[in-house]
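Here's the structure, in structure tokens; my notes come after.
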Amino acid sequence: MDMTDPAQMTPITAFALVGVLGVGAQWIAWRLRILGIVLMLGVGLLVGPVLGIFNPQRDIGPLVAPMISIAVAIILFEGGLTLNYRSLRDAARGVVRLVVIGAPIGWVLSALALHWIAGLSWPSSAVFGGLMIVTGPTVIAPLLRHARLKRRPAAFLQWEAIVNDPVGAMVAVLALQVVLVLEADATRAQAVSDLGIGITAATLLGLLAAKLITWAFSRAKVPEYMKVPVLFVVLLAVFALADFGLHESGLLAVTIMGLWIANAGLASFTELRRFKEHATLLLVSGVFILMGAGMSLETLGRLDWRAGLFILVVILLVRPATVLISLAFGDVPWKERLLVAFTGPRGVVMVAVAGLFGDRLVAQGVEDAVLIAPLSFALVLVTVIVHGFGLTPLARLLGATATGTPGVLIVGGSPWSVAFGEVLQKKLELPVLIADTNHSHLRGVRSAGLPHYFGDILSEAAEHNLDFVAYHQVIAITDNDAYNTLVCTDFGHKYGREYVFQPNRVRQESRRHELPATLGGRILRGNMSYYEHNHLVAIGWKFRVTKLTEEFSLADWRQKNPEALPMAAYDGKGGLHVFEEGPELAVPPGNRLVALYPPEPPGQGAGKAAAQSPEPPQEEQGERH
């Protein structure tokens with residue numbers, strides 16, 4: 001390959017660099033507990049316009065734009081897969097208002113701000129104003145995970161972002177078509193006809209593809225191992241066909257397709273969505289790196305003080321006015337209205353489409369359209385930083401977070417669960433929920449006054465009725481090892497495997513009955529089975545809390561309580577830290593230690609006490625009812 005620029009890298013190196021920087025930034029953000037998209041944008045700007053190491057147009061070439069377009073389509077489709085109608089519940093009316101009323105109001109107010117404050121012409125303002133309807137699902141999703149909002153405001157922001165993304169693109173297409181008609185020889189009737197046909201075709205194409213996928217998957221017309229590849233191929237085909245008929249209508253088609261599949265009740269839906277989430281994480285990482293690296297200092301240098309004032313007006317006036325007018329005279333509490341009103345980050349779709357439409361307007365003779373791309377990037381950058389760091393404090397101020405401190409979800413209403421839950425709730429004041437499918441198992445839970453849920457924690461009813469955001473640790477401790485493993489495997493994806501725990505499985509006589517070690521969660525401290533844990537509680541072992549200090553460290557505690565079994569620690573801020581079996585414990589001073597103590601007078605330790613006392617019942621692993 002002949003490289004005229006000595007700084008140019010090969011496309012393979014460029015792709016590898018984008019992957020390393022994107023995923024690396026996500027990992028660092030996770031370690032530092034900051035929002036990943038802020039770091040990804042910063043890294044993209046650093047390696048791109050600041051240091052000049054990576055230039056997407058130079059190093060990758062003309063494939064950058066179609067790559068970003070396909071990535072955005074997949075991201076929107078995955079977003080549509082998250083929109084189950086049941087998740088709307090009491091937020092449905094508000095979401096409809098934000099889309100039906102808010103979109104046109106946002107378009108008008110944004111266009112006025114662009115013309116009168118940013119100084120753009122009416123054609124540029126009309127096109128860019130339509131794109132500003134979009135609030136960015138690529139940004140909203142990480143924000144919601146980070147801020148842990150209550151169910152209804154989270155549903156408002158998530159549904160608005162996903163639905164308004166293609167709506168904003170369609171509005172911008174409409175405005176662009178009108179501008180092109182006014183600047184060219186085509187008739188207005190022809191432009192309106194082309195737009196109507198394109199939107200109708202995209203909608204029908206998305207619905208047809210979704211119904212075809214649903215029919216094929218539900219009737220086993222596609223083998224299990226091919227479902228994800230088939231879904232991807234159909235997704236790309238739908239996007240390409242719709243976009244061929246009308247630019248950006250492919251976004252509408254794939255969103256409708258995802259929304260339909262999400263509500264079709266497919267048996268393979270969880271696996272499909274899980275794979276799509278992994279793909280989306282990679283795509284979001286890459287797109288934000290490409291977006292930051294592709295912006296030049298010369299382009300950003302075209303912005304002046306009016307651009308800064310425009311962004312300020314959008315954040316403090318345009319977005320709040322749009323939301324408050326849309327939700328006026330409704331039943332949404334005013335605190336939730338304020339939270340949604342002051343949360344409007346923009347994302348990848350706006351920048352990607354703005355650059356394309358800006359170039360088309362410039363080619364048509366609208367000279368100030370050259371400012372659309374830098375304005376959109378600046379708006380994304382500022383709103384991502386402002387809302388990325390400001391949403392969590394604002395939600396806490398307005399009381400819209402799920403809970404002050406994340407709690408513990410305990411699956412199984414055993415005596416051990418009751419004893420542990422009482423200590424967490426009454427001594428540490430942590431949220432606790434104990435779930436069980438057997439009503440009689442919850443008798444002790446109810447007597448102790450602990451929150452409980454009667455039903456299967458993995459059911460769709462639990463998904464829609466319980467606020468799982470309030471918890472970040474799961475302990476599955478039922479008398480069924482297979483069910484414990486299933487619960488931990490399922491919640492391991494939601495919370496992370498480091499936050500799901502279960503007792504040690506009862507050793508099986510035959511290997512054919514053993515569950516794979518790759519499934520399930522971490523083993524609780526003590527390396528005991530369900531029966532052994534509950535046996536200790538039955539013979540008088542008690543959970544107690546001890547505060548560790550500089551004067552009384554973990555080593556001092558061990559020396560004084562050699563037989564006690566440490567189970568968890570709480571630092572008073574980030575939630576409970578449950579101990580797993582294996583690693584040496586390191587609990588710093590200031591933490592409160594939760595441990596299981598032998599009865600008074602002290603016994604001979606967990607293992608000796610169990611050995612000297614009657615053996616715990618060796619029951620078979622039965623089915624749960």
Side-chain angles (χ1 to χ4, degrees), residues 33-38 79 82-83 87-103 105-106 109-110 132-165 167-168 311-347 350 379-380 382-406 431 464 466-472:
R33 294 186 179 181
I34 62 175
L35 194 63
I37 44 183
V38 175
T82 66
L83 300 182
S87 66
L88 271 176
R89 298 174 62 192
D90 53 347
R93 192 172 300 174
V95 170
V96 171
R97 283 169 165 257
L98 287 173
V99 174
V100 176
I101 302 176
I105 292 176
L109 294 180
S110 298
M132 287 179 60
I133 294 172
V134 174
T135 53
T138 54
V139 184
I140 286 294
L143 275 178
L144 294 180
R145 285 196 300 267
H146 189 72
R148 300 175 58 252
L149 299 183
K150 288 182 178 178
R151 184 187 298 270
R152 183 162 57 184
F156 283 148
L157 293 170
Q158 185 180 31
W159 274 82
E160 181 198 16
I162 298 295
V163 176
N164 269 354
D165 244 38
V167 170
I311 294 174
L312 192 64
V313 168
V314 169
I315 295 175
L316 298 180
L317 293 178
V318 173
R319 170 66 179 175
T322 300
V323 173
L324 294 178
I325 293 173
S326 302
L327 299 180
F329 307 108
D331 56 355
V332 180
W334 69 270
K335 288 186 177 181
E336 294 183 7
R337 297 186 200 186
L338 288 178
L339 180 69
V340 177
F342 286 96
T343 307
R346 271 60 178 187
M350 189 179 75
L379 183 61
V380 168
V382 174
T383 55
V384 163
I385 293 174
V386 169
H387 298 302
F389 289 108
L391 177 58
T392 301
L394 178 62
R396 288 174 181 167
L397 179 65
L398 296 174
T401 52
T403 181
T405 304
H464 297 302
L466 295 180
D467 192 1
F468 288 114
V469 180
Y471 313 96
H472 85 146

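- Atom-to-atom distance recorded for L327:CG and L98:CG is 4.5 Å, nearest 0.5 angstrom.
- In this structure the side chain of M132 reaches within 4.5 angstrom of the side chain of L379, judged on heavy atoms.
- Counting only distance, with no hydrogens or angles, the side chain of R337 and the backbone of V323 share no donor-acceptor pair below 3.5 Å.
- The shortest heavy-atom contact between I105 and S326 is CD1-OG, 4.4 Å.
- Put simply, the side chain of L109 does not reach to within 4.5 Å of the side chain of V314, judged on heavy atoms.
- Between the CD1 atom of I133 and the CD atom of E160 there is a distance of 10.0 Å, given to the nearest 0.5 Å.
- For I385, the side chain to side chain contact (heavy atoms under 4.5 Å, CB included) partners are V38, L381, F389, not counting sequence neighbours.
- Listed here is the closest heavy atom pair of P320 and F342: CG-CE2, 3.7 Å.
- Using a 4.5 Å cut-off on side-chain heavy atoms (C-beta onward), V340 and V332 make no contact.
- If you run side chain to side chain contact (heavy atoms under 4.5 Å, CB included) between V318 and each of T322, L316, I315, only T322 comes through.
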Passes side chain to side chain contact (heavy atoms under 4.5 Å, CB included), I325 versus R97? Steps please.
CA-CA 9 Å; I325 293 173; R97 283 169 165 257; over 6 Å; no

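- Taking P333 as the reference, R152, E336 meet the side chain to side chain contact (heavy atoms under 4.5 Å, CB included) condition, with sequence neighbours excluded.
- Judged purely by atom type and a 3.5 angstrom limit, R319 has no side-chain atom pairing as donor or acceptor with the backbone of L317.
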